[in-house]
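Accompanying notes for the structure given below.
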Amino acid sequence: MADTKKEQDKAEEYGTTGHEWDGIREYDTPMPRWWLWTFYATIVWAVIYVILFPAIPLVNGATPGLLGFSTRGQLAEEMQAARDANAEIDSQLVAAELTEISADPELQRYAMAGGAAVFKTYCAQCHGAGAAGVQAAGYPNLLDDDWLWGGDIEAIHQTITHGIRWEADPDTRFSQMPAFGEILEGEEIDALTAHVLAISGQDHDAGLAATGAELYAENCASCHGDAGMGDREQGAPNLTDAIWLYGGSEEEIHETITYSRYGIMPPWQDRLTEAQIRQVSAYVHGLGGGE
Amino acid sequence: MSTMSSEEPPKLYAAREPIFPRRVSGWFRRLKWWILAVTLGIYYLTPWIRWDRGPNMSDQAVLVDLANRRFFFFMIEIWPHEFYFVAGLLIMAGLGLFLFTSALGRVWCGYTCPQTVWTDLFILVERWIEGDRNARVRLWNQKWDARKVRLRVTKWTVWFLIAVATGGAWVFYFADAPTLLRDLVTLQAPFVAYASIGILTATTFTFGGFMREQVCIYMCPWPRIQAAMMDEDTLTVAYRSWRGEPRGKHRKKEGAEALGDCIDCNACVNVCPMGIDIRDGQQLACITCALCIDACDDVMEKIGKPRGLIDYCTLNDEPRERAGNPPRPAWMHILRVRTMIYTVLWAGIGIALVVALFMRSDIELTVAPVRNPLNVTLSDGSVRNTYDIRLRNKHGEDRVFALSYTADTSDFTIALEGEEGTSVTVPADSVYNQRVYLTAGPESAAVDERVTDVRFWVEDPESNERSYSDSIYHGKGE
């Protein structure tokens with residue numbers, strides 16, 4: 001390659017890196033001095049940073065830094081700031097009549113957003129993230145229009161506050177169906193099962209069901225009602241509808257009558273604030289089944 | 001290879017060589033003044049253009065409203081879910097850059113890059129205050145005295161004012177400009193506004209006043225990328241060495257007949273804002289600002305030689321010109337497969353964006369079926385699906401949105417959570433979330449199907465504007 005005079009001069013002044021690719025060589029030109037200053041500035045910055053912020057890892061944690069900053073502390077501050085920011089609307093929520101929350105768009109929006117968070121943290125384990133419960137396994141679906149203990153917002157609030165069959169809470173909702181396997185004979189339970197199938201509109205043996213109707217009137221009607229419509233005062237389920245907490249097939253109904261089944265829900269008044277309970281009450285009420 | 005002597009250690013770092021571009025006049029210089037005036041005018045004045053959008057909306061023609069997540073551009077309003085318009089514009093900007101670079105080399109760098117435009121402006125100020133090249137070289141070399149201090153302080157002050165105006169103009173794109181200006185002056189503007197102005201003032205002042213060509217050579221990645229887009233048909237600034245060489249000053253001496261057209265007057269070097277010699281050939285530092293063309297043409301006219309010793313040339317014309325043939329016309333270089341592909345892609349995206357822009361409705365909905373659970377059985381055996389619907393009202397006033405559905409069956413009943421009927425009022429310029437239920441009776445065919453197609457409609461009963469979104473109904477069938 002015939003280098004020009006200028007190229008030769010430059011190669012003479014700076015030298016080349018010694019690499020050569022297809023006849024192309026690279027001058028070893030000096031770097032710009034401002035680049036060096038920038039580099040020094042970053043070193044100075046790093047030293048200041050190490051002094052001010054947590055930086056050097058030690059056996060138990062790291063050097064704290066002069067500013068005492070930590071991401072955990074920052075989170076705590078931000079959480080506190082959020083609580084402070086919500087303090088006013090929380091007090092409005094607690095002061096409002098439960099039935100009037102939905103009429104106030106701001107309160108309703110706040111309650112629904114907060115309630116969704118509370119629900120996913122504390123309720124979703126049993127009732128599911130979508131609040132559909134666990135079908136036929138005793139975790140009630142909160143989306144439908146069937147409520148054991150009442151579906152208006154005050155009833156929901158009462159249930160969440162005091163729980164169900166939680167004996168340590170004197171105001172808890174309480175009822176218990178006896179296990180009829182210890183009370184009735186096997187054929188009698190078959191007959192009762194046929195009657196329940198009949199009043200819920202399913203296929204059944206008409207003769208057995210007629211016997212079962214008499215047994216029902218004696219043993220079951222006091223809680224489930226003469227027509228099987230249930231009784232919310234006692235949490236007795238409606239036996240005539242399409243919704244079954246423990247399944248509606250013949251075997252499942254038979255098993256429920258024989259052994260009795262019930263669930264337990266803890267009270268939340270000691271774990272959640274009143275504002276949180278009201279939020280999640282409004283949320284559950286607004287899921288589509290609220291009355 | 002290195003021939004450095006041992007007593008002189010190698011220099012690892014070098015200070016910037018100061019550059020004193022001489023004043024030049026000519027066609028390209030005039031073009032660059034016009035581009036400078038137009039681009040800076042657009043930049044500084046745009047935030048002050050007003051555009052009436054109705055009582056509840058901003059009247060600023062171009063506004064990036066970060067707090068409310070809106071982008072206003074004259075009659076166009078972009079919401080966050082329409083961010084693809086911005087993505088499309090960025091892709092068009094990229095393709096446009098490819099197109100211009102493959103056709104005309106680094107025209108972006110030479111004419112419109114903010115670094116070039118502001119540096120040009122700063123050099124103009126420098127010349128007004130300190131004089132042309134020779135005066136500035138003298139001033140640089142002389143000792144500090146009262147005059148030098150006065151000139152330097154004046155220059156830096158004007159630079160600083162330009163820099164503040166630059167940073168100041170930037171923040172006006174993000175808030176109502178008159179309000180923000182009043183707040184800035186009365187020290188009531190948010191900290192981020194002052195911080196943005198401060199940072200942009202510092203970068204403009206340093207980059208335009210002191211860093212200049214260092215930004216292009218050492219900091220900008222674009223010069224490296226551009227090489228991949230240029231080819232032998234790309235028109236770029238070059239020196240016709242076959243015509244100019246051998247160069248020489250002394251025309252009266254013996255053997256002067258053998259010299260080329262270049263009289264080695266260094267006019268091209270003296271006007272160059274990058275401090276390079278275009279006669280060394282195409283190089284990384286050349287931003288193709290074309291000022292050397294103006295300078296050389298000026299000289300060629302004075303000595304009675306044809307213009308164009310330095311000119312926009314292509315690589316594949318060189319052998320033709322060396323053989324004594326004229327270069328092919330510029331349009332033949334520009335119209336080639338590569339540039340046409342770029343143009344088609346660029347225009348295609350542009351047309352798609354314009355079509356999308358005019359197909360938008362001012363009332364809109366997005367439907368998200370609730371999938372956990374897919375459906376809910378009610379006590380009478382009917383089956384309900386739930387949909388979270390986002391209703392968007394882009395009008396400057398409240399609007400009533402009436403919701404309805406169309407489907408192959410009419411078995412559904414539609415209901416709104418928390419509302420009596422099927423209408424909701426959506427506040428002006430906002431999004432409203434509404435939960436909607438579709439319920440099919442126990443005997444409905446839709447219950448036995450796995451899915452049924454459903455189309456949700458919103459209609460403004462007053463203006464009859466309507467819009468739809470497709471969704472599905474999940475039955476209990478497998």
Side-chain angles (χ1 to χ4, degrees), chain A residues 4 6-8 10-20 25-39 102-103 105 108-109 112-113 124 128-133 135 141-147 200-201 229-230 237-238 240-244 248 285-290, chain B residues 1-5 8-17 206 210-211 213-215 217-219 241 245-246 276-277 279-281 283 370-388 415-419 424-425 427 432-433 435-439 442 447 476:
Chain A
T4 65
K6 206 153 192 164
E7 283 163 354
Q8 282 165 8
K10 210 169 173 186
E12 193 136 307
E13 187 181 356
Y14 301 124
T16 69
T17 55
H19 311 135
E20 187 169 338
R25 285 169 293 150
E26 190 183 11
Y27 298 128
D28 196 9
T29 45
M31 299 187 79
R33 186 174 288 155
W34 61 261
W35 185 92
L36 184 68
W37 293 338
T38 312
F39 181 57
S102 64
Q108 174 70 4
R109 200 163 48 238
M112 290 299 278
Q135 301 291 327
N141 184 336
L142 305 176
L143 303 170
D144 61 32
D145 56 349
D146 188 36
W147 297 88
S200 59
M229 301 292 281
N238 183 340
T240 62
D241 64 18
I243 295 168
W244 298 89
H285 186 256
L287 285 173
Chain B
M1 199 61 65
S2 174
T3 55
M4 270 175 293
S5 51
E8 195 186 341
K11 287 183 288 180
L12 292 177
Y13 302 98
R16 171 181 181 250
E17 295 282 337
T206 330
F210 303 97
M211 298 288 287
E213 80 291 343
Q214 303 278 309
V215 173
I217 297 172
Y218 295 107
M219 291 164 71
S241 59
E245 298 296 318
I276 58 168
D277 187 344
R279 295 171 300 175
D280 294 342
Q283 51 202 292
V370 172
R371 296 182 193 278
N372 178 16
L374 289 177
N375 51 42
V376 179
T377 305
L378 300 181
S379 49
D380 65 355
S382 55
V383 175
R384 188 181 71 198
N385 274 209
T386 307
Y387 303 84
D388 284 326
L416 274 51
E417 171 64 36
E419 301 285 337
V424 282
T425 302
Y432 190 87
N433 293 316
R435 192 161 259 231
V436 175
Y437 303 112
L438 272 194
T439 307
V447 170
K476 304 189 96 171

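Numbers restart at 1 for each chain; the letters A, B, ... are given by sequence-line order, proteins then strands.
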**OP:** Please say whether more than 12 non-hydrogen atoms of neighbouring residues, nucleotides or ligands are located less than 6.0 Å from OH in Y13(B).
**Re:** yes
Would you list the atom pairs, donor with acceptor, under 3.5 Å between side chains in residues 28-36 of chain A and any protein atom, with sequence neighbours excluded?
unit_1, atom_1, unit_2, atom_2, d
W34(A), NE1, Q214(B), OE1, 2.5

**OP:** Please assess N141(A) against V376(B) for the test side-chain contact (heavy atoms from CB on, under 4.5 Å), listing each intermediate value before the final yes or no.
**Re:** CA-CA 9 Å; N141(A) 184 336; V376(B) 179; 4.1 Å; yes
**OP:** Would you check if there is a donor-acceptor pair between the side chains of D145(A) and S379(B) at a distance under 3.5 Å?
**Re:** yes
Subject >> Interatomic spacing from CG in N375(B) to CG in D144(A) - rounded to 0.5 Å >> reply: 11.5 Å
Original post:
Out of curiosity, T377(B) OG1 to I243(A) CD1, how far, rounded to the nearest 0.5 Å?
Top reply: 7.0 Å
Original post:
Taking A415(B), P442(B), A15(B), G418(B) one by one, which has the highest count of heavy-atom pairs under 4.5 Å against chain A?
Top reply: A15(B)
Original post:
Measuring heavy-atom distances to chain A, does R435(B) have an atom under 4.5 Å in its side chain, in its backbone, in both, or in neither?
Top reply: side chain
Subject >> Distance, nearest 0.5 Å, that separates OG1 of T386(B) from CG of L143(A) >> reply: 6.5 Å
Original post:
Which heavy-atom pair separates E417(B) from H285(A) by the least distance, and what is that distance?
Top reply: OE2-O, 4.4 Å
**OP:** Please state whether the side chain, the backbone, both or neither of R371(B) comes within less than 4.5 Å of a heavy atom of chain A.
**Re:** neither
**OP:** Return the option, out of G201(A), G286(A), A129(A), A131(A), with the maximum number of heavy-atom pairs under 4.5 Å with chain B.
**Re:** G286(A)
**OP:** Give, as side chain, backbone, both or neither, the part of D280(B) having an atom under 4.5 angstrom from any heavy atom of chain A.
**Re:** side chain
